[in-house]
*Asks:* 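Here's a structure for you.
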Amino acid sequence: MSAYTARFRVWRGDAEGGGLKDYDVEVNDGEVVLDIIHRLQATQATDLAVRWNCKAGKCGSCSAEINGRPRLMCMTRMSVFTRDETITVTPLRAFPVVRDLVTDVSFNYAKAREIPAFVPPKGVAAGEYRMAQVDVERSQEFRKCIECFLCQDTCHVVRDHEENKGAFAGPRFLMRVAELDMHPLDAAAADGGPTRAESAQDDHGLGYCNITKCCTEVCPEHIHITDNALIPLKERAVDRKYDPLVWLGSKIRRRGQ
Amino acid sequence: MSYVERHAYDVVVVGAGGAGLRAAIEAREQGLRTAVICKSLFGKAHTVMAEGGIAASMGNVNSGDNWQVHFRDTMRGGKFLNHWRMAELHAKEAPDRVWELETWGALFDRTPDGKISQRNFGGHEYPRLAHVGDRTGLELIRTLQQKVVSLQQEDFADSGDYESRLKVFQECTVTRILKSPDGAVAGVFGYVRESGRLFVIDAPAVVLATGGIGKSFKVTSNSWEYTGDGHALALLAGAPLINMEFIQFHPTGMVWPPSVKGILVTESVRGDGGVLRNSEGKRFMFGYVPDVFKEKYAQTEEEADGWYTDPDHHRRPPELLPRDEVARAINSEVKAGRGSPHGGVFLDVSTRMTPEEITRRLPSMHHQFKELADVDITAEAMEVGPTCHYMMGGVAVDPDTAAAAGVPGLFAAGEVAGGMHGSNRLGGNSLSDLLVFGRRAGLYAAQYATGLGDARPVADDEQIDRAAAEALRPFGAAEAAAGGSGTDAGGPSGSAGEAAPAVPVENPYTLHQELQQVMNDLVGIIRRAPEMEQALDRLAVLRERAERAGVEGHRQFNPGWHLAIDLRNMLLVSECVARAALERTESRGGHTRDDHPDMDRTWRKVNLVCELSDAAGGAVDLHRRPTAAIRPDLLDLFERDELLKYLTDEELDA
């Protein structure tokens, strides 16, 4: 394979507005979309704004929409497109534009703060934690998350519904709740408080999710967000809410405090 | 005076990787108002790229391990140039720092009895690296990030404000350390990447935790953030740097396709059984075991292969020699014409582990090669070659307090600090270094700030004006070249341009590429005096051209402007590297001289120190400083025969 010239359409602008701009740009063997964006910066548009860091799919910085699909630019190889295809790169649609391909992702950081942190088990000193591999693996899958926020971007609950953002944590942070729920030693509910699954339902908008799996489809880490995190979380939230014995037990325990 | 935002904190941490976040957590837990400043989004630090693990002698897999063994391995790896006290503290405290992460929610891989699993790694005598598959760095960052959030949640419960005592200023760059007239730290000056606004944070204590310098090299595993900012900030503030000639070239970076050249292939591939072969199919590492390591490494493939299952009765495979040895060996094989099609060598796990085992133990490597190179590592060999990976040199610090020499209030931890790793760092010792010395830097920065009481140093306005003019100069250069026709640089202080240069504006991207080529070709993995002299000449020209680096557009999220500013740092640090490398006429660890191929015991007694002749950014001044004598009880951990390879007879008989 040899070098060729590709047609790129890149969204340029800021919060005030903007539009797609056409560029013809060189493409070489083995390159990814981020390489092409960098070549544009170095040769035709020195002020083209883009986030990136590791260039190896590990940091989750270079999220954008490529031909309308949320993707990491560093993990999108040019060889998946035909040579005469126009490649359109636009910023993540669910978040406000700062400039060009850079969006204001502070929504995600605000949601992260709303999820109560890991609660260490009482009476277990540092160094004394004992957990079986099989038990940590469920949460470990979710901790592969690189926080690229593609799932947050694609989730239809917020993608076109700004009004839902207040009540809905989004797949990434509901998965964080699931991760803590499945952590073998998390003691959040140890003293009779709500379980992680209940708070997902009551405080973080789990009920908005209708498991269409859009989040799972865009996850560059191939985490089974819907099947392994959201559905089990829904099941556990429902179990506790509608199981009269569990309900009664929790009331009695709480009263005894 | 220029318009700048103004904030005040007790402790400012520059950098939000492992060291920075650990420092910030400590300073906040000491009760101090703490700010963290990072160039990227919170949680994207380069630490996430660390794959293999955190070295800590917990002894979970082999109970023979303890801090003394870890200390010994660290000193051997660094060829005894390490500051012994840092190596001692590091080995002693690493287990506590790892266990602490579990109480903050980290989930490491487990042993069958439920403890933290530990894996083998180059240069470590026992399985020592706590790990999570091959994404340990991500686990470390996420755990620290979530600990920061949990502290913010506590503060919110107290005050109704998440950021009342610990605030992350994300996507901000610091361009200057501010000082009082008597030379103490008074704060930092920087800009907000998103808006281009300038800011000052007044603070009596500043912790540098900015990481490394890899972006000065063409082939590197480092991200764009690694522009030597902390190294340069320390120099410009009057602090000395040591050991700048020692740069670790990781033996296994990807070599194809070109756009990912340099991206890391974790050492765990070798720790878990991967072997290196040349184009003739030969496991060439057996021919490259240096004399100092002869007794410790297997001589035959049978013996090496036996080690994975029965390490007590077999010596380890030579693929697990320290990184500097392996990188040089690969370099030699390629040079001798026995390289792979794209100029590397073959790293193979496919013939040594089942596909299931490979995808379980090395999931991100499997993913990375599949996605980026279209190579299935369960079925075929990887092509790998050396890549610029880690800076051993850095700010000369007090080993116990992480305080920078000569600048009260300045601290440094992690890759930006020098001394801990001597001439070569062992894999896994970086993440533990971040935690051990990040915590210490945060602790002692907090103590220092508290000790000052109300007598806090203040930076004068003139210093802030100068910092503002310096930061905005790239816009001035563009304006001047355009005939000074007053394009709005995007802010109230946008017209800070200086007298019009009569020469054209330089493109910062072009300058950066030229710098990377110079360092790669002339001060790279194998060094020669004439080439380094040539590099110094070319760096001087680049430095002069960089003064004219100009950018278009406005100040809002303008990467060309950001790079123009970062160039100052990369050029300063590159000059330190080249000067020190030219001066040290021996080969040791991450410094290999073609014209001086042997290690020389008398050079072990010498640290090369770089300082600036004046804070405005004058010439780099290089001088020699004797290394600290190693405490006798620590020397007693080694056999005399081994010590004789490193220490002079006089040192040993003293």
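Computed over heavy atoms, backbone and side chain alike; hydrogens, waters and symmetry mates excluded. Convention: sequence-line order gives letters A, B, ...; per-chain numbering from 1.
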*Asks:* If the threshold is 4.0 Å, N to carboxylate O, is there a salt bridge linking A:Glu147 and B:Arg142?
*Replies:*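 Judged by the 4.0 Å cut-off on N to carboxylate O distance, A:Glu147 and B:Arg142 do form a salt bridge.
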*Asks:* Which bit of B:Trp104 comes within less than 4.5 Å of chain A, counting heavy atoms only: side chain, backbone, both or neither?
*Replies:*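 When you check distances to chain A, only backbone atoms of B:Trp104 fall under 4.5 Å.
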*Asks:* Salt bridge or not for B:Glu371 and A:Arg77, using N-O below 4.0 Å?
*Replies:*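 No salt bridge links B:Glu371 with A:Arg77.
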*Asks:* Side chains of B:Ser40 and A:Arg51: closer than 4.5 Å at any heavy-atom pair?
*Replies:*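 SC-SC contact between B:Ser40 and A:Arg51 ruled out.
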*Asks:* Identify which of B:Gly560, B:Ser259, B:Pro257 forms the greatest number of heavy-atom pairs closer than 4.5 Å to chain A.
*Replies:*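 The residue among B:Gly560, B:Ser259, B:Pro257 with the greatest pair count is B:Ser259.
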*Asks:* Any idea which heavy atoms bring B:Leu41 and A:Tyr109 closest together, and the distance?
*Replies:*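 Scanning both residues completely, I find the closest heavy atoms to be CB-OH, 3.4 Å.
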*Asks:* Is B:Gln556 close to chain A through its backbone or its side chain, or both, or neither, when contacts mean heavy atoms under 4.5 Å?
*Replies:*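 Both backbone and side chain.
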*Asks:* Specify whether B:Trp224 and A:Trp52 have parallel, tilted or perpendicular ring planes, treating 30° as the upper limit for parallel and 60° as the lower limit for perpendicular.
*Replies:*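 Judged by the thresholds at 30° and 60°, the geometry between B:Trp224 and A:Trp52 is tilted.
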*Asks:* Could you tell me whether B:Lys44 sits above the aromatic face of A:Phe149, with NZ or CZ closer than 6.0 angstrom to the six-membered ring centre and within 45 degrees of the axis?
*Replies:*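 The answer is yes; both the distance and angle limits are met.
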*Asks:* Would you say the side chains of A:Gln140 and B:Asp109 form a donor-acceptor pair under 3.5 Å?
*Replies:*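 Yes, because at least one side-chain N or O of A:Gln140 sits under 3.5 Å from a partner of the opposite role on B:Asp109.
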*Asks:* Checking heavy atoms, do the side chain of B:Phe156, its backbone, both or neither come under 4.5 Å from chain A?
*Replies:*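 Looking at B:Phe156, nothing touches chain A.
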*Asks:* Heavy-atom pairs under 4.5 Å with chain A - which of B:His367, B:Glu100, B:Gln145 has more of them than the others?
*Replies:*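 Heavy-atom pairs under 4.5 Å are most numerous for B:His367.
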*Asks:* Do A:Tyr129 side-chain atoms and B:Lys115 backbone N/O form a donor-acceptor pair below 3.5 Å?
*Replies:*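 Such a contact is absent between A:Tyr129 side chain and B:Lys115 backbone.
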*Asks:* Salt bridge or not for A:Glu137 and B:Arg110, using N-O below 4.0 Å?
*Replies:*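 No, no charged N to carboxylate O under 4.0 Å.
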*Asks:* Under a 4.5 Å cutoff for heavy-atom pairs, which residue among A:Gln41, A:Glu114, A:Glu128 has the most contacts with chain B?
*Replies:*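 Result: the option with the highest number of such pairs is A:Gln41.
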*Asks:* By a 4.5 Å heavy-atom criterion (distance strictly below it), what part of A:Ala42 contacts chain B: side chain, backbone, both, or neither?
*Replies:*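 A:Ala42 touches chain B through backbone and side-chain heavy atoms alike.
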*Asks:* Can you tell me which portion of B:Phe557 sits under 4.5 Å from chain A's heavy atoms? Options are side chain, backbone, both or neither.
*Replies:*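 Answer is both: backbone and side chain atoms of B:Phe557 are under 4.5 Å from chain A.
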